[in-house]
Number of protein chains: 2
Amino acid sequence: MPGPIQSIERAAAVLRLLASGARRMGVAELARALELPKPTVHGILRTLQLVGFVEQSPDTGKYQLGAALFHIGSSYLDGNELRTRALNWSDSLASRSMESVRIGTLHENQVLVVHHVFRPDNSRQVLEVGALLPSHASALGKVLLADDPVGLSLADDEPLKAYTPATITDLDALSDTLEQVRQRGWASDVEELVDGEVSLAAPIRDRRAVTVGAVGISGPVERLCDEKKQPRTDLVSYVREAARSISRELGAIPW
Amino acid sequence: MPGPIQSIERAAAVLRLLASGARRMGVAELARALELPKPTVHGILRTLQLVGFVEQSPDTGKYQLGAALFHIGSSYLDGNELRTRALNWSDSLASRSMESVRIGTLHENQVLVVHHVFRPDNSRQVLEVGALLPSHASALGKVLLADDPVGLSLADDEPLKAYTPATITDLDALSDTLEQVRQRGWASDVEELVDGEVSLAAPIRDRRAVTVGAVGISGPVERLCDEKKQPRTDLVSYVREAARSISRELGAIPW
DNA sequence: TTGACCGTTCGACCATGTCGAACCCACGGC
DNA sequence: GCCGTGGGTTCGACATGGTCGAACGGTCAA
């Protein structure tokens, strides 16, 4: 019976919509967005509520994501070998570089952050685990795109979004950058996603030498770059060494 | 049509099983556990894979949770008002107490950790957001149980598990403790979950004065307790003040 | 080779989910 | 006050769409 199960597909679509839409949504609202009859959507919601994947505000009647979904989703991290192996090394990268560290994987042409170590000072920082970053405007993303077999092909569906004046929006320019990333073995993003913010990243490879993730640091341009706005070479080394260590932990042959 | 949708219920069961079972699982394994025919389970898995909720190892053929599920689940936190409002206050609680801070809600008779601030030193700590704690053996849990309308009634399904010699395993004893928690307005756990570990917590209430969560700190017994193994009163005050501040932020009338 | 086990495909039956119509609220304009 | 419009929810007949026994191709150990 090679054919997906309709009701499950629809339930997933409902969940995705509830996740993207910032706020709680009503049955009618969801039904309109999915172009489905109201009772159909309601049946799905009722079931999702039963299993705890969505919750309903008793007063407004609107729906939002449920705690059970959150808990189940977070146990994805336990099974994620990349993250498990990388825990120690990312900590030490954070203390060597004195910057915040992130580890990401490619997911639907974006970077899914699976681990995040705060900068080792006591400043307030927001946890970004589970967040998605644009792949063309972050160092993590460039590293992942550069080695991805599918690579840029998916990207041409929609134009590259400009986040700052420095964001690469031209496909050919990006392609050149990725070629450079492949050759150098690391990537940078200098104020391409957020003004004043810089990030550096290097690839993590598994035993088959396939790039399965990327590790990198990010911080203000004053600390990560020299006076010519070039990434500091010592930090680049730290990142590359961390990436290599994690790769070795995953069974990769040092390259 | 008041009746849950079978296939969605089953899909949820599959996901729950994949989340609890530490490792990747095969079709046959899942089918046996759920007492369903193999092709049925396979159909569900195929659909879940299509939407990215599960992934399949290309070599072993076994299944594990997928990245999409993780990302959707993590956006539960955005819509969680409790967590959003509590961010600032938990940070300052962490720096005042110099201990790690956690915020939790009751979920299926356990404590779901929705926020976690590391202890403000540079030690290595594991992120516990998304984890579940036993409610009878943690300060957070006691606070939540004490004010829960359903409360202990659910607990008598299965006996209280002993984690350490100090864990409260007797229902009557727990009931007395909860009464005390209600009166004092805060709860403690002295080596009841982990040897040498102590936690303190206080309730967070919303505008209707309903307890919607709890905030607390945890750390080694030497730092959190005095020589009589009693929680330090200054730390208790910090925790209670933080809880009250968050409650006020949620619209509660100071009690 | 054999057998046991795996993940996967096939296809017919009929249980199951679907969706138009109708219901009951809470609002808000008239 | 009344009706109209919107919300979330229930009903029920129809047929779509999911289910599961049987069978297929693969891998591994004996």
Side-chain angles (χ1 to χ4, degrees), chain A residues 1-19 21-66 69 79 81 207-208, chain B residues 1-19 21-66 69 79 81 207-208:
Chain A
M1 173 253 294
I5 294 171
Q6 192 186 60
S7 50
I8 298 183
E9 268 189 306
R10 290 176 171 181
V14 167
L15 292 176
R16 235 195 303 274
L17 215 51
L18 282 175
R23 289 290 89 216
R24 293 158 228 259
M25 300 178 91
V27 177
E29 198 176 352
L30 289 163
R32 251 178 283 122
L34 297 170
E35 299 183 16
L36 287 174
K38 226 179 2 166
T40 305
V41 174
H42 182 249
I44 294 170
L45 283 170
R46 190 157 18 76
T47 311
L48 289 175
Q49 184 179 26
L50 185 78
V51 298
F53 284 14
V54 307
E55 291 165 4
Q56 186 178 27
S57 314
D59 39 338
T60 63
K62 296 198 181 299
Y63 292 88
Q64 62 177 320
L65 294 182
L69 187 71
E81 197 183 353
R207 66 207 109 234
R208 290 184 297 271
Chain B
M1 169 257 287
I5 293 171
Q6 193 186 58
S7 50
I8 298 183
E9 268 190 305
R10 291 177 170 179
V14 168
L15 292 176
R16 236 195 303 275
L17 214 52
L18 282 174
R23 288 289 91 217
R24 291 159 229 259
M25 300 177 93
V27 177
E29 199 176 352
L30 289 164
R32 252 178 282 123
L34 297 170
E35 299 182 16
L36 287 173
K38 222 172 11 160
T40 303
V41 174
H42 181 251
I44 293 170
L45 283 170
R46 190 158 20 76
T47 311
L48 289 175
Q49 184 178 26
L50 184 78
V51 297
F53 285 13
V54 305
E55 292 165 2
Q56 186 179 26
S57 315
D59 39 337
T60 63
K62 295 197 182 300
Y63 292 86
Q64 61 177 320
L65 294 182
L69 188 72
E81 198 183 353
R207 66 207 103 223
R208 290 184 297 269

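Chain letters run A, B, ... following the sequence lines, proteins first, then strands; residues in each count from 1. Fair warning: this is a prediction, and the values are worked out from it, not measured in the lab.
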Task: Distance in angstrom units between B:Leu50 CG and D:dG18 P, rounded - done: 13 Å
- [ ] Provide, to the nearest angstrom, the distance between the CZ atom belonging to A:Arg46 and the C1' atom belonging to C:dT16.
- [x] 13 Å
Open item on the list: Between B:Phe53 and B:Leu65, is there a side-chain heavy-atom distance shorter than 4.5 Å?
Closed with: no
TODO: In whole angstrom, give the distance that lies between atom CG of B:Leu36 and atom C1' of D:dG18.
DONE: 12 Å
Task: B:Pro37 side-chain proximity, nearest of C:dG17, C:dT8, D:dG21 - done: D:dG21
Task: Length of the line joining B:Leu45:CG and D:dT19:P, which is rounded to integer Å - done: 12 Å
Open item on the list: Using OP1 and OP2 only, check whether a side-chain N or O of B:Arg10 sits under 4.0 Å from D:dT19.
Closed with: yes
Task: Non-hydrogen side-chain atoms of A:Leu50 and B:Glu9 separated by less than 4.5 Å - done: yes
Open item on the list: When you measure from the side-chain N and O atoms of A:Gln56 to the phosphate of D:dT9, is any distance below 4.0 Å, counting only OP1 and OP2?
Closed with: yes
Open item on the list: Does C:dC5 have OP1 or OP2 under 4.0 Å away from a side-chain N or O of B:Arg32?
Closed with: no
Open item on the list: Both A:Ile8 and A:Thr60 contact DNA chain D. Which one's nearest nucleotide lies toward the 5' end?
Closed with: A:Thr60
Task: Minimum-distance nucleotide to B:Pro39 side chain [options: D:dA22, C:dG7, C:dC19] - done: D:dA22
TODO: Please tell me which of A:His42 and B:Gln6 maps to the more 5' nucleotide of DNA chain D, matching each residue to the nucleotide holding its nearest heavy atom.
DONE: A:His42
TODO: Would you state whether a donor and an acceptor, one from the side chain of A:Lys38 and one from the base of D:dG8, lie under 3.5 Å apart?
DONE: yes
Open item on the list: Please determine whether a side-chain nitrogen or oxygen atom of A:Thr40 lies at a distance below 4.0 Å from atom OP1 or OP2 of C:dT18.
Closed with: no
TODO: Quickly work out the B:Met25 CE to C:dC6 C1' distance and round it to whole Å.
DONE: 15 Å
Task: Atom-pair distance (CD1 on B:Ile44; C1' on D:dG17), nearest Å - done: 14 Å
- [ ] For A:Lys62 and C:dA26, give me the distance from atom NZ to atom C1', rounded to whole Å.
- [x] 13 Å
- [ ] Examine distances only and state if a side-chain atom of B:Glu55 and a backbone atom of B:Gly66 form a donor-acceptor pair shorter than 3.5 Å.
- [x] no
TODO: Decide yes or no for B:Leu30 and B:Leu45: does some side-chain heavy atom of the first lie under 4.5 Å from some side-chain heavy atom of the second?
DONE: yes
- [ ] Find the distance A:Arg24:CZ to D:dG7:P and express it as a whole number of Å.
- [x] 18 Å
Task: Phosphate OP1/OP2 of C:dT8 contacted by B:Tyr63 side-chain N/O (<4.0 Å) - done: yes
Open item on the list: With a 4.5 Å cut-off on side-chain heavy atoms, are B:Leu34 and B:Arg10 touching?
Closed with: no
